[in-house]
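Structure, as structure tokens:
This one's a predicted model, so the numbers in the text were calculated from it and none came from an experiment.
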Protein chains: 2
Amino acid sequence: MDQPPGSATRQRIVDAATVLFLTRGYGGTSTRDIAAAVGIKQPSLYAHFAVKSDLLLEVLLHALRPSLEESARLQADPTLSAVERLSALVSFDVRLLCSGAANRGLLAYLPEVRATGVAAQLASHQKVLHDAYRVLVAEVLAERRLDGDADRLTTSVFALVEGTVLRRVVDPELDPDATAAEVAAGALRLIGG
Amino acid sequence: MDQPPGSATRQRIVDAATVLFLTRGYGGTSTRDIAAAVGIKQPSLYAHFAVKSDLLLEVLLHALRPSLEESARLQADPTLSAVERLSALVSFDVRLLCSGAANRGLLAYLPEVRATGVAAQLASHQKVLHDAYRVLVAEVLAERRLDGDADRLTTSVFALVEGTVLRRVVDPELDPDATAAEVAAGALRLIGG
DNA sequence: GTCTATATAATGATAGAC
DNA sequence: GTCTATCATTATATAGAC
């Protein structure tokens, strides 16, 4: 095993912080807690991140990355219909939101994300994903020759998908595949038909 | 003006804490911050709440109360059809989630709610509201002679309603009436028809 | 019920050796 | 890049006077 660029420790810090922020909250997680989970001493964190909120930003970007990559991949796929591409993106995102040890989707909605100013640094990345949803919704409307306000429908679809985050808070055992299928079907019903 | 039972100061503490928890997070809000917002000294808080997490519980119960009262009122109203009662409850809740200075609906999803053990004390109250939704969804299915899994549909409807919370995080100017109408219509589409 | 004063512990972050 | 040692600050909560 050779060392990944930026060192593997940095990624282990991000992973540990993700779980801790979601279980104890950002303010309830001390830099000592994070260091202990990684197996290093607290001041060693500052060799990787200048301040605690920089770590929060990295955690957020890392949680958003898979969705951004999948949406880019799907938008460029000519073998799928619009309905198939939207369904695939919704399913992917919902499955992602239901999977893994921690409810990563909740991260972006923590109050500290806005209080620390990290939200502003994250906004452009979130906009890319939201735009991908809007494009797909508009394409579904066109493909099915439906009337409908694409912008409003997009926010509804997005709310339904992101609602998965809140469902998982209440029910941590939420089944990824069943929920993905259910939300994907719900999204199409929301658009009309 | 005479003094309300339990003193008016207690309620002012709850109101101040609600706003602060939602803007800075629970761990990011000190008891000094709360006291300063109310205009008292920090130790005076402990004449009203034994520990900080007791204040969090009261904040949560206070945020949930209007929905519980409205759902009880609607379930007992014989002048409305099932569709009208479900629409009214969804509209009421969404309007509530969109109104007021703070995004109170987000409170229940803060990590600290579970970390402090407050979630367990809140669960029975949340169940009452969720059950009200389930009853109304089942009645709509019966009224419209639709086939459908009431439990699954209830969770979808609930997710759509609660998704409003996340939308308001991103867009604090979310219009209460327009969003309520949109979500209520979406809920009926989710159920079928 | 509010105050002053304080105990006790934990916090984020820095300095400097290796 | 990690460590030990430490600083300055802030935290929750208590004691006791009024």
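Looking at B:Asp131 and B:Arg134, a side-chain N of the basic residue comes within less than 4.0 Å of a carboxylate O on the acidic one, giving a salt bridge. Salt bridge B:Lys52/B:Glu112: absent, no basic N to carboxylate O contact under 4.0 Å.
In this structure, B:Leu55 places its CG atom 11 Å from P of D:dA13, rounding to the nearest Å. Rounded to an integer number of Å, the gap from OH of A:Tyr26 to C1' of C:dT11 is 12 Å. B:Tyr46 has its OH atom 17 Å from the P atom of C:dT4, to the nearest Å. Remark: P of C:dG1 and CZ of B:Arg10 are 9 Å apart, rounded to the nearest angstrom. Rounded to a whole Å, the CZ atom of A:Arg12 is 14 Å from the P atom of D:dG1. When rounded to the nearest whole Å, the span between CG of A:Leu45 and P of C:dT14 equals 13 Å. Counting to the nearest Å, the C1' atom of D:dA13 and the CG atom of B:Asp33 are 16 Å from each other.
Using a 4.0 Å heavy-atom criterion, one finds that A:Ser53 contacts no nucleic acid atom at all.
Distance check, rounded to the nearest 0.5 Å: CD of A:Gln126 to CG of A:Leu60 gives 8.0 Å. Summarising the geometry, atom CG belonging to B:Asp93 is positioned 8.0 Å from atom OG belonging to B:Ser71; distances are rounded to the nearest 0.5 Å.
Distances from the side chain of B:Lys41 to the nucleotides D:dA13, C:dT4, D:dC3 place C:dT4 closest. Set against C:dC3, D:dT2, D:dA13, the side chain of B:Gln42 has D:dA13 as its closest nucleotide. Distances were taken from every side-chain heavy atom of A:Ala47 (C-beta onward) to each of C:dA13, D:dT2, C:dC3; the shortest belongs to D:dT2. For B:Arg32, whose side chain is taken as the heavy atoms from C-beta onward, the closest listed nucleotide among D:dT6, C:dT2, D:dA13 is D:dA13. Distances were taken from every side-chain heavy atom of B:Ser44 (C-beta onward) to each of C:dC3, D:dT14, C:dT14; the shortest belongs to C:dC3.
Distance alone, capped at 3.5 Å, is enough to place a donor-acceptor pair between the B:Glu143 side chain and the B:Ala82 backbone.
Nearest-nucleotide positions on DNA chain C for A:Ser30 and A:Pro43 put A:Ser30 closer to the 5' end.
Checking the phosphate oxygens (OP1, OP2) of D:dT2, a side-chain nitrogen or oxygen of A:Thr9 falls inside 4.0 Å. Put simply, B:Lys52 has a side-chain N or O that comes within less than 4.0 Å of OP1 or OP2 on D:dT12.
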